[in-house]
Amino acid sequence: MKIETLIQQTTKSALRELYNFTAEVSEIQIQYTRKDQQGDITVVVFPFIKVSKKSPEKTAGEIGHFLMQKVNVVKSFNVIKGFLNLEIGQNYWIDCLARACSDENYGITAPDEKAETVMIEYSSPNTNKPLHLGHIRNNFLGFSISEILKANGKRVIKTNIVNDRGIHICKSMYAWLKWGNGKTPENSGLKGDHLVGRFYVEFDKHYKAEITELIEKGFSKEEAESKAPSILAARELLVKWEANDAETLNLWNTMNKWVYKGFDITYKKLGVDFDKIYYESETYLVGKEEVLRGVKEGIFHQKEDNSVWADLTEEGLDQKILLRSDGTSVYITQDIGTAKVRYNDYRIDKMVYVVGNEQIYHFQILAVLLDKLGFAWGKDLFHFSYGMVELPSGKMKSREGTVVDADDLIEGMVQVARDMSTELGKLESLSKEEAADTFRMIALGALKYYILKVDPRKNMMFNPEESIDFNGHTGTFIQYTYARIKSVLRKAGENNISVNKTADSISISPKEKDLLVRITLFPGIVEEAGDNYSPAIIANYCYDLVKEYNQFYHEHSILSEPDENQRNFRMALSETVAGIVKKGMNLLGIEMPERM
RNA sequence: GCCCCGGUAGCUCAGUUGGAUAGAGCAACUGCCUUCUAAGCAGUAGGUCAUGGGUUCGAAUCCCGUCCGGGGUACCA
């Protein structure tokens, strides 16, 4: 049993026996004792002075005596105001270490027969432009949350819906037809997604110019936006596409293939993957059918101009368009179809959408629409909404080219990692390939950590200079500590010192105690991260753990410790910390180098 | 207008879901490499937790008001 639970329950008995009061276990507050106080675990007794009718000190003292008698790991206690600080015997901590050290899956829960199946949708790119920093946060979060849920005993299906059709790609297609001069990735030397992205920007440039021109001719802004020749041409392409026009489909296929080839490279570099990829072009018709069924069944209504709407005013939402007057689908139409297809393909207990918080309203509507269409699971969908990424220079706008491109960012970080390692004279003993792989791990680790350490729900500032910092609260620091431990363990192996997991008759220093306590926290941290869908909780824990380890490392010698039991204990501590940190960082999708 | 989200050190972020004297990193300054990796460790300085009230033994945390910032409210996605 966990020590916290044991103390809570015994405190509950104490309250009953001493004061004839029946408390809920959840009312009994247990916390780890502050570092500036004596003791390991603290019971907060303020809430019970009403029932004890005694001073906080007296009450704490009485409960303290009770706990000492009933719980043998409680060795002593002290009382400060209403805080009952318990000292836990050293055997308890050594036992915890032994368990953590010997269990390869410490902190990780494997799925059992009745494990929930969770499908997690993330990434979900449009095929009209390359991935940028915003997508990076999405991909890292989606991947990490998948890993964290797996570690909490869920079955996870990672999925990606590729928005491969729609007005956006038609814009790129039109621009390519009009101004492309037959450019291809091969003859331009550009990565496919970047090439297609250029045409999207090209489109917007012309479109904007046309709007300005029309406004000068006396049109209203709205009229100009809908009457500009470019947008009309793109719309026409969309209609042709939905009508299966061979030439349009051909171009669409070609350009999307360019993009996929580019995406594959970027995904690989990011280290993310998917169990199942859906394409909007393959699901939107299912959505359209569902919408038309809704019309037939009177759930939705069709206006004179043929557009289809859902009236959600009763649900406190607005009117929502589901099909345009020209019959083409909008974003949410596709989402309805994709949801239906997914539930046909898999036995899904929970559907999680990793999508930015600007789409909160969209997913509220989606849940209601699915519910109205009679899908029981609709209202249970979970929109994991994360905050936007801001730059010191302001917001990113892909149409205006003010985005941080994913490929450029990664390449730049690898370069800095290489320069920094060379400057520090590290990795000289490694082969070229090993060194290159380590630079990659360091660069990606720094980037992933920088993004995942902040609470996903909040907007975050991406400062390019800080993100490539390798000192302080960074992924690099954690990787470094891991490599450092590995180095010690390697040396121990060479000297034939075995890690003794059952060390006794040793003395534990305060710093070692801090580490032990921190180690026992790991399983709870994994659980909390799962409950809260928060990689940040894991990230911050790993930092705290290695910070503590480095202090220990600085204060104590390990290999040159003369006492064998003491040495073995420190080896076990080191090995356990390394194991936890590796598991924790892997939950963030961060690899750990053995040397750096 | 209406609806969501946020405001903690100069900057970027934590803060165990209401507990003790609010913590890290960066930036600045000062020490520590003949000793297991100095991408490290130790120290100095830095705070009216936006603001005003309320709830109670106790509030950065919960409730109400105000101010500031962001997002949403499209026949864009």
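The analysis underlying the following values was restricted to heavy atoms, covering all of them including side chains, and did not include hydrogens, waters or symmetry mates. Below, read A as the first sequence line, B as the second, and so on, with proteins coming before strands; counting in each chain starts at 1. Bear in mind that the values here come from a model prediction, so they are computed numbers and not experimental data.
As judged by a 4.0 angstrom heavy-atom cut-off over every strand, Y331(A) is placed among the base-contacting residues. Counting any heavy atom pair closer than 4.0 Å across all strands shown, F477(A) reaches sugar-phosphate atoms only and no base atom. Note on S421(A): a base of the nucleic acid sits closer than 4.0 angstrom, heavy atoms only. Contacts of A536(A) with the nucleic acid, taken as non-hydrogen atoms under 4.0 Å apart, are absent. M596(A) comes within 4.0 angstrom of a base, heavy atoms only.
Ranking A20(B), C13(B), U73(B) by closeness to the V454(A) side chain, first place goes to C13(B). Each of G72(B), A39(B), C36(B) was ranked by its minimum atom distance to the side chain of T476(A); first place goes to A39(B). For S325(A), counting side-chain heavy atoms from C-beta on, the closest listed nucleotide (C36(B), U37(B), C75(B)) is C75(B). Picking from A14(B), C75(B), C13(B) the nucleotide with the shortest atom distance to the side chain of D455(A) gives A14(B). Of the candidates A39(B), A77(B), U12(B), the closest approach to any side-chain atom of Y480(A) belongs to A39(B). Comparing A20(B), A39(B), G71(B) by their closest approach to the side chain of Q37(A) singles out A20(B). The nucleotide whose nearest atom lies closest to any side-chain atom of P47(A) is, among G19(B), G40(B), C75(B), G19(B). Considering only the side chain of Q551(A), A42(B) comes nearest among G19(B), A42(B), A77(B). With A38(B), C13(B), U21(B) as the choices, the nucleotide that has an atom nearest any side-chain atom of K81(A) turns out to be U21(B).
For F384(A) and Y122(A), the distance between ring centers is not under 6.0 angstrom. Proximity of the aromatic rings of F470(A) and F477(A) is defined here by a centroid distance below 6.0 angstrom, and this criterion is not met. Taking the six-membered ring for Trp and the full ring otherwise, Y541(A) and F522(A) have centroids separated by under 6.0 Å.
Atom CD1 in I365(A) sits roughly 12 Å away from atom C1' in C3(B) (whole-Å rounding). Atom-to-atom, CD of Q364(A) to C1' of C4(B) comes out at 8 Å; the value is rounded to the nearest Å. Following rounding to the nearest Å, L312(A) (CG) and A74(B) (P) show an atom-to-atom distance of 12 Å. To the nearest angstrom, P of C3(B) lies 18 Å from CD of E315(A). In this structure, CG of L366(A) is placed 15 Å from P of U73(B), rounded to the nearest angstrom. When rounded to the nearest whole Å, the span between NZ of K511(A) and P of C41(B) equals 11 Å. Look at CG on L559(A): it is 5 Å from C1' on C36(B), rounded to the nearest Å. For K303(A) and A74(B), the NZ to P distance is 12 Å, given to the nearest whole Å.
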Which is it for E242(A) and K288(A) under the salt bridge (Lys or Arg N to Asp or Glu O under 4.0 Å) test, yes or no, and what are the steps along the way? CA-CA 11 Å; E242(A) 290 210 15; K288(A) 216 166 163 176; 2.9 Å; yes

Show the numbers, then the answer: is there a salt bridge (Lys or Arg N to Asp or Glu O under 4.0 Å) between E548(A) and R518(A)? CA-CA 9 Å; E548(A) 208 112 60; R518(A) 191 76 68 178; 3.0 Å; yes

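Distance check on atom P: A59(B) versus A22(B) gives 13 Å, rounded to whole Å. G7(B) sits 15 Å from G15(B) when the C1' atoms are compared, rounded to a whole Å. Going from the C1' atom of C49(B) to that of A14(B) covers 13 Å, rounded to whole Å. Rounded to a whole angstrom, the distance from the C1' atom of C29(B) to that of G46(B) is 12 Å. Taking atom C1' in both U56(B) and U51(B), one finds a spacing of 22 Å when rounded to whole Å. On the C1' atoms, U55(B) is 42 Å away from G43(B), given to the nearest whole Å.
In this structure the side chain of Q334(A) never reaches within 4.5 angstrom of the side chain of S329(A), judged on heavy atoms.
Between K491(A) and the phosphate of U37(B), there is a side-chain N or O to OP1/OP2 separation shorter than 4.0 Å. For the pair K458(A) and A14(B), the criterion of a side-chain N or O lying under 4.0 Å from OP1 or OP2 is met. Taking 4.0 angstrom as the limit, R490(A) places none of its side-chain polar atoms (N or O) nearer than this to OP1 or OP2 of U37(B). Under 4.0 angstrom from either OP1 or OP2 of C76(B) there lies at least one side-chain N or O belonging to R324(A). For R235(A), a side-chain nitrogen or oxygen approaches OP1 or OP2 of C76(B) to under 4.0 Å.
Of the possible polar contacts, one joining the R567(A) side chain to the E561(A) backbone as a donor-acceptor pair under 3.5 Å is found. The backbone N or O of K303(A) sits nowhere less than 3.5 Å from a side-chain atom of S307(A) that would complete a donor-acceptor pair. Judged by distance alone, the side chain of S574(A) and the main-chain N or O of R570(A) form a donor-acceptor pair under 3.5 Å.
Nucleotides of RNA chain B nearest to T33(A) and Q319(A) differ in position, and the one nearer the 5' end is that of T33(A). For the pair N532(A) and R457(A), nearest-nucleotide mapping onto RNA chain B gives the more 5' position to R457(A).
Remark: the Q29(A) side chain and the G19(B) base include a donor-acceptor N/O pair separated by less than 3.5 Å. The base of A39(B) does not come close enough to the side chain of T481(A) for any donor and acceptor atom to sit less than 3.5 Å apart.
Stem list for RNA chain B (at least 3 consecutive Watson-Crick or G-U pairs, distances under 3.5 Å): B:1-7 with B:67-73, B:10-13 with B:23-26, B:28-32 with B:40-44, B:50-54 with B:62-66.
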Treat primed atoms plus P, OP1 and OP2 as sugar-phosphate and everything else as base, then score nucleotides 23-35 of chain B 5' to 3': B for base contact with protein heavy atoms under 4.0 Å, S for sugar-phosphate contact only, - for none. -SSS---------

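By the 5.5 angstrom centroid cut-off and the 30-degree plane limit, F83(A) is classified as stacked against the base of A20(B).
Ring-plane geometry between Y450(A) and F462(A) is classed as perpendicular, the angle between the planes exceeding 60 degrees on a 0 to 90 degree scale with a lower cut at 30. Classification of the W241(A)-W252(A) ring pair by plane angle, with boundaries at 30° and 60°, yields perpendicular. Ring-plane geometry between Y331(A) and H362(A) is classed as parallel, the angle between the planes falling under 30 degrees on a 0 to 90 degree scale with a further cut at 60.
Note on residues 38-52 of chain A: pairs passing side chain to side chain donor-acceptor pair (under 3.5 Å), not counting sequence neighbours, are T33(A)-T42(A), D40(A)-K513(A), T42(A)-N85(A), S52(A)-T59(A).
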